[in-house]
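What you see below is based on every heavy atom in this structure, not just the backbone, and it leaves out hydrogens, waters and symmetry mates. A, B, ... follow the sequence lines: proteins, then strands. Residue 1 opens every chain.
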There are 2 protein chains.
Amino acid sequence: MDSLPRTQASPGGHKILSAFDCARCQARGSCLPACGAGATGVGQLVGRRLRVARDAPLYHCGDAVNGLFYAVRYGSFKTYRADAGGRPRLAGFQLGTDMLGLDAIGLHQHSCTVVALEDSEVCEVSSDSMHGKHQHNAALQRLFHGVLSKEIAREQYLAMLLRNTRADQRLAAFLLQLSWRYAARGYSASQFRLAMSRIDIADLLGLTPESVSRLLYRFKQSGLIELSGRDIRLHDAAGLKAVVVGEGDAAPAPTSTAPPPRGTETTPDTGQQ
Amino acid sequence: MDSLPRTQASPGGHKILSAFDCARCQARGSCLPACGAGATGVGQLVGRRLRVARDAPLYHCGDAVNGLFYAVRYGSFKTYRADAGGRPRLAGFQLGTDMLGLDAIGLHQHSCTVVALEDSEVCEVSSDSMHGKHQHNAALQRLFHGVLSKEIAREQYLAMLLRNTRADQRLAAFLLQLSWRYAARGYSASQFRLAMSRIDIADLLGLTPESVSRLLYRFKQSGLIELSGRDIRLHDAAGLKAVVVGEGDAAPAPTSTAPPPRGTETTPDTGQQ
DNA sequence: CGGAACGTTGACGTACATCAAACTAGGTGG
DNA sequence: CCACCTAGTTTGATGTACGTCAACGTTCCG
């Protein structure tokens with residue numbers, strides 16, 4: 001890849017914490033061992049915890065995989081991936097309980113670079129053990145397959161979002177999805193602080209920071225959101241959803257008589273952007 | 001979803017063929033049981049084969065899943081999925097040995113609609129049996145996890161492709177990928193017949209049929225391809241790759257002195273569009 | 001043979017990128 | 001604590017890739 005922010009200490013330069021039992025983790029309800037850590041024995045899956053400093057990479061594109069993937073314990077990450085021209089582009093954000101490295105399970109080296117957006121911690125999980133010593137745990141297998149499958153659906157959703165949609169639709173969808181994801185983790189759905197820069201958002205959505213800035217301003221003018229810096233408050237989730245669907249405030253003009261709104265429901269919380 | 005081509009006989013209206021042993025399938029080398037059907041016991045996985053007529057759906061968005069997914073035995077399919085506005089959009093093409101329904105393994109109902117592009121046949125695989133009676137087959141588990149993981153990587157690649165790229169980059173990447181996929185299946189990499197319409201291509205790439213038509217014409221003028229109707233021949237794969245990377249014939253003008261081409265390699269055959 | 005999809009070609013408009021410049025905030029060193 | 005500096009953010013002016021609309025040609029199938 002071209003010029004990734006290979007800033008801090010290379011892979012392995014994280015603070016390594018002792019082994020850990022998922023049964024005692026506060027995120028156990030919404031993480032991999034969702035169906036009950038004790039019963040499934042997921043607790044034994046987690047090898048180590050790694051602490052990753054802000055802007056430091058968890059792993060790099062090209063690094064060896066070693067049969068591991070990761071669950072975000074707290075903090076947040078961004079994932080870079082080479083685009084058609086070989087230049088690195090943002091491929092997604094990962095919040096607490098999201099998984100990292102699922103796309104590399106069959107491979108020998110990572111195909112993307114993961115960088116912490118803030119001081120964060122991840123749990124190391126052995127994918128080898130999933131078809132190794134844990135292969136007889138049917139509940140765990142089912143759970144794991146579900147996690148992989150959901151990841152596929154997530155990526156499909158993102159690919160969907162990035163196609164024919166206008167810029168305002170993308171941004172509105174992004175904000176709503178963030179809101180859902182925070183809500184699913186027990187935080188406020190209507191008020192949060194963006195962990196990522198406008199540049200990162202623009203990169204993810206296939207836009208320029210200038211466009212993002214202008215669109216946020218327009219949303220603010222329309223009364224859909226309120227924001228100062230990276231603190232954001234969603235005032236009118238329904239209005240944002242209308243933007244996503246394609247109605248909404250297409251023109252900066254006020255509420256014109258819109259054609260009959262379409263009935264179909266918007267996409268479900270298919271997570272991780 | 002809105003108005004999918006619910007044309008022919010509803011789900012279940014396919015011709016059902018008898019059970020089948022993968023060991024005797026000619027595609028066994030490149031399908032799920034790639035590591036040797038006998039050894040892994042994949043042969044027992046496949047329940048039935050279904051024959052699906054051209055334009056007929058294999059399953060619909062909303063249909064019950066029943067713990068099954070599918071491997072394309074011959075023919076080809078297209079996958080529709082609801083976009084942000086609830087309207088159906090093309091999400092991908094599947095050729096022989098590709099998998100269908102992997103994204104629904106954890107779910108109770110399908111989130112996309114699959115339609116045959118031509119008379120085709122699929123093999124039914126039980127995902128339940130993967131964490132059921134086959135859970136002790138470590139080689140098979142590993143293989144299955146690899147398939148799921150690769151699917152994630154594929155979707156990530158597609159999402160990547162559809163973002164900041166220009167229309168010509170997308171189309172060139174699409175053609176090259178088709179070429180790779182045909183080659184991987186033992187067909188000619190440089191000459192094939194498109195199973196899908198321009199409309200379908202446009203829909204997949206987030207373009208209009210008009211744009212696709214104009215771009216194909218431009219590629220033809222540049223000597224990159226040769227085409228009549230749906231028959232296409234790739235003359236200059238390197239030239240197409242240059243287009244993908246961002247150099248190539250940006251202007252319809254002939255070979256102008258281009259700035260030094262970038263060194264990085266293009267994306268690997270990460271398959272299924 | 002007729003009709004309906006599909007495909008091509010042209011003229012035109014617009015959403016968003018690009019370029020450029022000013023403003024703001026966070027971090028660092030004096 | 002303030003000066004400074006860089007990275008991030010905002011705002012404006014301008015250009016262009018690609019969508020839209022419209023008309024015509026072509027293929028395919030009943």
**Asked** Is there a side-chain polar atom (N or O) of B:R230 under 4.0 Å from OP1 or OP2 of C:dG7?
**Response**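 True: B:R230 side-chain N/O within range (under 4.0 Å) of C:dG7 OP1/OP2.
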What integer distance in Å separates [X]:[atom1] from [N]:[atom2]?
{"X": "B:Y217", "N": "C:dT9", "atom1": "OH", "atom2": "P", "value": "6 Å"}
{"X": "A:D203", "N": "D:dG8", "atom1": "CG", "atom2": "C1'", "value": "15 Å"}
{"X": "A:L216", "N": "D:dT11", "atom1": "CG", "atom2": "P", "value": "11 Å"}
{"X": "A:L162", "N": "C:dC16", "atom1": "CG", "atom2": "C1'", "value": "15 Å"}
{"X": "A:R198", "N": "C:dC23", "atom1": "CZ", "atom2": "P", "value": "19 Å"}
{"X": "A:L171", "N": "D:dT9", "atom1": "CG", "atom2": "P", "value": "13 Å"}
{"X": "B:M196", "N": "C:dC6", "atom1": "CE", "atom2": "C1'", "value": "15 Å"}
{"X": "A:I199", "N": "C:dT18", "atom1": "CD1", "atom2": "P", "value": "14 Å"}

**Asked** Roughly how far, to the nearest 0.5 Å, is the OG atom of B:S179 from the CZ atom of B:F192?
**Response**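 Interatomic distance, B:F192 CZ to B:S179 OG, rounded to 0.5 Å: 5.5 Å.
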**Request:** May I ask you to test the B:L161-B:V244 pair for a side-chain heavy-atom distance under 4.5 Å?
**Result:**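 Side-chain contact under 4.5 Å: no.
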**Request:** Report yes if some heavy atom in the side chain of B:D98 is under 4.5 Å from a heavy atom in the side chain of B:R185; otherwise report no.
**Result:**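 In short, these two side chains touch, coming nearer than 4.5 Å.
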**Request:** Check whether the side chains of A:D103 and A:S111 place a donor and an acceptor atom closer than 3.5 Å, and report yes or no.
**Result:**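 Result is yes, a qualifying pair exists.
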**For B:S190, side chain to side chain contact (heavy atoms under 4.5 Å, CB included) partners two or more places apart** =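 If we apply the side chain to side chain contact (heavy atoms under 4.5 Å, CB included) test to B:S190, skipping adjacent residues, the hits are B:S188.
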**Message:** Restricting to side chain to side chain contact (heavy atoms under 4.5 Å, CB included), what partner residues turn up for B:Q221, sequence neighbours left out?
**Reply:**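 Expected list: B:Y217.
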**Message:** Between A:D119 and A:R54, does any NZ, NE, NH1 or NH2 come within less than 4.0 Å of an OD or OE carboxylate oxygen?
**Reply:**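 Salt bridge: no.
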**Prompt:** Just by protein heavy atoms under 4.0 Å, how would nucleotides 13-30 of chain D read 5' to 3' in B, S and -?
**Reply:** B----SSBBB--------
**Request:** Taking side-chain hydrogen bond (donor to acceptor under 3.5 Å, both in side chains) as the test, write out the residues that go with B:S213, two or more places apart.
**Result:**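 For B:S213 there are no side-chain hydrogen bond (donor to acceptor under 3.5 Å, both in side chains) partners, ignoring immediate neighbours.
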**Item:** Net bend of the helix from C:dT8-D:dA23 to C:dG30-D:dC1, end axes of five pairs each, nearest 10 degrees
**Value:**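 So the angle between the two local helix axes works out to 40°.
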**Item:** Results of ring pair (Phe, Tyr, Trp, His ring centres under 6.0 Å) for A:Y70 - residues two or more places apart only
**Value:**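 Partners of A:Y70 under the ring pair (Phe, Tyr, Trp, His ring centres under 6.0 Å) test: A:Y59.
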